[in-house]
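A short worksheet on the structure shown next.
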Amino acid sequence: MALYGTHPEHESAHEHPDGDAEAVAIEVDAEVRVPRGEMGDLPAGVADVLANVGGATVVDVGEIEAVRPASLDIYVDVTARLEGDFGDRDADALAVHVADAFGVETVHAVAIEYAPRGADEGTDPPHDHG
């Protein structure tokens with residue numbers, strides 16, 4: 001499973017950049033365990049599981065590849081994008097952080113979008129004066 005494209009306004013990197021930056025979004029390839037009652041709306045069930053990741057405020061489920069029903073849960077391989085406040089963790093630390101969330105079984109890969117610390121605070125969007 002491949003990670004899908006990162007948001008163009010933020011630097012995309014697998015390693016922590018030099019300087020004062022923070023992780024604003026992560027893309028993960030993971031195996032998650034979704035309660036069987038969510039089978040009718042599997043993407044929403046996956047989003048609910050990934051919403052358990054500390055700091056995540058927005059979850060965008062991308063690709064669901066493998067679906068393996070078990071007696072009580074459904075195991076799925078998913079690529080998803082999580083936005084939020086993930087601090088200044090590097091990729092290895094974020095992989096562990098995501099794996100610690102309830103329902104996340106395995107993290108296969110993590111890509112991080114960094115932005116300068118405080119980049120979105122108190123700034124107005126550009127205006128077109130033409």
Side-chain angles (χ1 to χ4, degrees):
M1 208 180 317
L3 295 173
Y4 58 98
T6 57
H7 204 276
E9 67 193 37
H10 298 294
E11 177 183 345
S12 175
H14 295 282
E15 296 179 17
H16 192 282
D18 293 331
D20 194 21
E22 62 188 344
V24 295
I26 57 175
E27 293 178 10
V28 298
D29 275 343
E31 177 185 346
V32 300
R33 180 175 35 99
V34 179
R36 197 172 251 295
E38 301 295 331
M39 185 66 173
D41 190 358
L42 193 56
V46 170
D48 287 346
V49 169
L50 292 173
N52 292 323
V53 174
T57 57
V58 175
V59 176
D60 177 22
V61 176
E63 253 181 79
I64 295 177
E65 285 200 356
V67 177
R68 295 172 303 282
S71 58
L72 298 175
D73 298 312
I74 304 155
Y75 293 83
V76 299
D77 289 338
V78 63
T79 300
R81 184 171 191 276
L82 286 66
E83 295 179 19
D85 180 10
F86 302 105
D88 62 355
R89 297 178 175 105
D90 64 12
D92 291 337
L94 272 170
V96 169
H97 179 69
V98 172
D100 284 344
F102 181 77
V104 177
E105 297 294 307
T106 305
V107 175
H108 303 292
V110 173
I112 306 171
E113 292 180 23
Y114 290 99
R117 195 171 304 282
D120 294 332
E121 295 175 9
T123 59
D124 290 331
H127 298 283
D128 186 9
H129 297 287

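We're numbering straight along the sequence, starting at 1.
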Not counting sequence neighbours, list each pair that qualifies as a salt bridge (charged side-chain N to carboxylate O under 4.0 Å, His left out) and has a residue in residues 66-75. E31-R68, R33-D73, R68-D77
Walk me through whether V58 and L82 qualify under side chain to side chain contact (heavy atoms under 4.5 Å, CB included). CA-CA 6 Å; V58 175; L82 286 66; over 6 Å; no
Write down the atom of T57, the atom of G84, and the distance for their closest heavy-atom approach. OG1-CA, 3.6 Å
Heavy-atom closest pair (A80 atom, L50 atom, distance to 0.1 Å) is CB-CD1, 3.5 Å
If you define the side chain from C-beta out and look only at heavy atoms, does anything of [X] sit under 4.5 Å from [Y]?
X: F86; Y: I26; value: yes
X: E83; Y: E113; value: no
X: V46; Y: V76; value: yes
X: H97; Y: V53; value: yes

Joint cluster assignment, [X] & [Y], ILVMFWY side-chain distance < 4.5 Å:
X: V96; Y: V28; answer: no
X: I64; Y: I74; answer: yes
X: V32; Y: L42; answer: yes

Who passes side chain to side chain contact (heavy atoms under 4.5 Å, CB included) against A93, sequence neighbours left out? R89, D90
Non-neighbouring partners of D85 that pass side chain to side chain contact (heavy atoms under 4.5 Å, CB included), sequence neighbours left out: E22
Donor-acceptor under 3.5 Å (R36 side chain, A70 main chain): yes
